[in-house]
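What follows is a single structure, written as structure tokens, with notes after it.
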Amino acid sequence: MQPVATSWFFYGLSAVAIVSALMVITRKNPVHSAISLVFTLLSLAGLYLMLYAPFVAGVQIILYVGGIMVLFLFVIMLVNIEHNLREEQFNKQWLVATIATVVLGALFGYVYYHGKGFFPAAVPPTPEQVNTQQIGMSLYTAYMFPFEIASVLLLVAIIGAVVMAKKRI
Amino acid sequence: MPTWAQFVLLSAAKSVVVIIILLTAVAYAVWLERKVVGRMQNRWGPTRVGPFGLLQPLADGIKFILKEDIIPTNVYKPLYIAAPMISVALALMSIAVVPFGEQLRFGSFSTPAQITDVNVALLVLLGVTSVAVYGVALAGWSSNSKYSLLGSLRASAQMVSYEASLGLSLIGVLLLSGSLSLREIVNGQSGTYFGFLPRWNFFPQFIAFFVYLTAAFAETNRIPFDLPEAETELVAGYHTEYSSMKFAMFFMAEYTNMFTVACVGTLLFFGGWHGPALTFLPMVVQSFVPLFWFAFKIFLFLFLYIWIRGTLPRFRYDQLMAFGWKVLLPIALANIVLTSLYIGLTTP
């Protein structure tokens, strides 16, 4: 079956992603921010699905939404929120923020207008193609070294967390 | 009619049928549980409403709808109302990728017995299960009550911990079948070992099955892992402040999750709808035999759930965490290593 109304889905999901990303920084209550971040991550997963990357979308939901954000929420629920609500929300650093925004905007504009050559024209995949195996293959052949480095990094992080949390090992 | 409209209509029709059947099954699973646990504890269970108490689920449903819906004063309303909806919606969502049998045929028209055939169905299931934590977590937080909060903290810690083992226990099966599609995993289990033993993944992967079963019990918050709603310490845990239909939604979500766990266990480890062909039956009945086998295996799973509920006491919280991380996770990892070694050495 041919995909239908793809542009509607794309703009809808993007709008949800952007609006909820803005909510993450503008809400005063940290629980609301966390929930907004969940919506951002979910709509990103939807966008991955539209790029025919079901594995990436699935992992995005399982790891980020189901794992990391739950832990965020877990910690926030333990914190006394009444105190946070009275704190000042934004640091008034207009100058730095403006410079950063302008530079980032210029970068985006440059890539948008002159960036065609950066990305080689790929063959658009079909919905029926299973690319889970391809991800596994390229992880263990072409990208073996970065993959192993990342796993060692994670191991170091785990050991570091245990060392910091335990008084006596 | 364009293809997409056909697709939408067909999916909607299938969803309605499946949800009605599922919710009826959920209601009668409650009845079964009360009956079986009753017999195990040497009493009758429900007997008053209808023969053998068979109309009890109906009476319960009416009672839940008619009860007063109390919303406590200091709850955070939007999330308090949304939490049970999240729970029940996600519980129902996961059934969408579960296949129930081969093609269904009505004359010349045929369609797979499944709402939607996704090629990463197992990832969808894991994803939906992992998102389902939010129902419980937000319910506890928005209730603004100590018992609810403690219950939901326990629930989120427990579900995040056991999700790791749950995901790892499935990898052994995936290695054997080489696909994430539930339909292909089931079809890989047709036939027999040595001519008499059904070719179920359970036999080579019985360690993975043990890990899956334990982790799934923890994910569905059932005894012996029902710490989030331990009534001796936490009144009713995360749903302490909920009444009427909102409470019933949490209840429905729990039992629907039990069905999903039973479906996935059947599909991954017990050959799904494959079973002995009952050739002595007339042709019209024959086409329903796979569905019958599937339902029968799910029934056995549910019975096991109830049996364990009637047998085991509850874990202590530190025991729960230690068991999850120090016993279940290493076993699951060892199983993956052994399975991949076997596959690596036997395939040329």
Side-chain angles (χ1 to χ4, degrees), chain A residues 1-6 8-9 27 29-32 34-39 41-42 45-46 48-49 52-82 125-133 135-136 140 158 162, chain B residues 2-8 10 76 78-79 82-83 86 90 97 117-138 140-144 148-161 163-164 166-167 174-175 178-181 184 219 238:
Chain A
M1 197 178 77
Q2 276 300 310
V4 283
T6 40
W8 285 99
F9 281 112
R27 295 295 97 187
N29 191 328
V31 171
H32 298 178
I35 294 167
S36 312
L37 193 52
V38 168
F39 277 105
L41 294 169
L42 282 177
Y48 292 146
L49 267 186
Y52 304 125
F55 182 78
V56 183
V59 169
Q60 162 95 357
I61 290 178
I62 295 170
L63 286 185
Y64 284 92
V65 182
I68 294 172
M69 284 317 295
V70 173
L71 291 179
F72 271 36
L73 208 60
F74 183 84
V75 174
I76 293 171
M77 286 199 292
L78 287 172
V79 178
N80 187 5
I81 288 175
E82 313 282 298
T126 55
E128 282 77 22
Q129 222 168 350
V130 185
N131 56 12
T132 312
Q133 277 181 336
I135 291 175
Y140 277 98
I158 293 170
V162 172
Chain B
T3 16
W4 65 267
Q6 275 178 15
F7 174 77
V8 169
L10 190 63
Y76 181 68
L79 287 180
I86 296 174
L90 287 169
V97 294
D117 191 3
V118 189
N119 53 21
V120 287
L122 214 51
L123 282 179
V124 173
L125 276 171
L126 282 177
V128 171
T129 331
S130 61
V131 178
V133 191
Y134 286 102
V136 175
L138 294 178
W141 181 77
S142 64
S143 290
N144 202 4
S148 303
L149 185 65
L150 282 173
S152 73
L153 284 178
R154 281 182 175 188
S156 30
Q158 172 181 331
M159 286 165 102
V160 168
S161 307
E163 223 166 63
L166 187 77
L174 294 183
L175 285 171
S179 170
L180 280 167
S181 155
E184 277 172 41
E219 285 285 309
Y238 61 90

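Chain letters run A, B, ... following the sequence lines, proteins first and then strands; every chain starts at 1. Computed from heavy atoms alone, side chains included, the values below leave out hydrogens, waters and symmetry copies.
For the pair A:Leu37 and A:Tyr64, the minimum side-chain heavy-atom distance is 4.5 Å or more.
Contacts of A:Leu63 with chain B are absent, with no heavy-atom separation under 4.5 Å from either backbone or side chain. For a residue to count as touching a neighbouring chain, one of its non-hydrogen atoms must lie under 4.5 Å from one of that chain's; by this rule B:Val160 touches chain A with the side chain only. In this structure, the portion of B:Leu79 lying under 4.5 Å from any heavy atom of chain A is its side chain and not its backbone. Contact of B:Ala157 with chain A is made through backbone and side chain together, with heavy-atom distances under 4.5 Å.
Aromatic ring pairs are classed by plane angle as parallel below 30°, tilted from 30° to 60° and perpendicular above 60°; the pair A:His32 and B:Tyr76 is tilted.
Applying the ring pair (Phe, Tyr, Trp, His ring centres under 6.0 Å) test to A:Tyr140 and every residue at least two apart in sequence or in another chain returns A:Phe147. The side-chain contact (heavy atoms from CB on, under 4.5 Å) test applied to B:Leu153 returns A:Phe74, A:Met77, A:Leu78, B:Leu149, not counting sequence neighbours.
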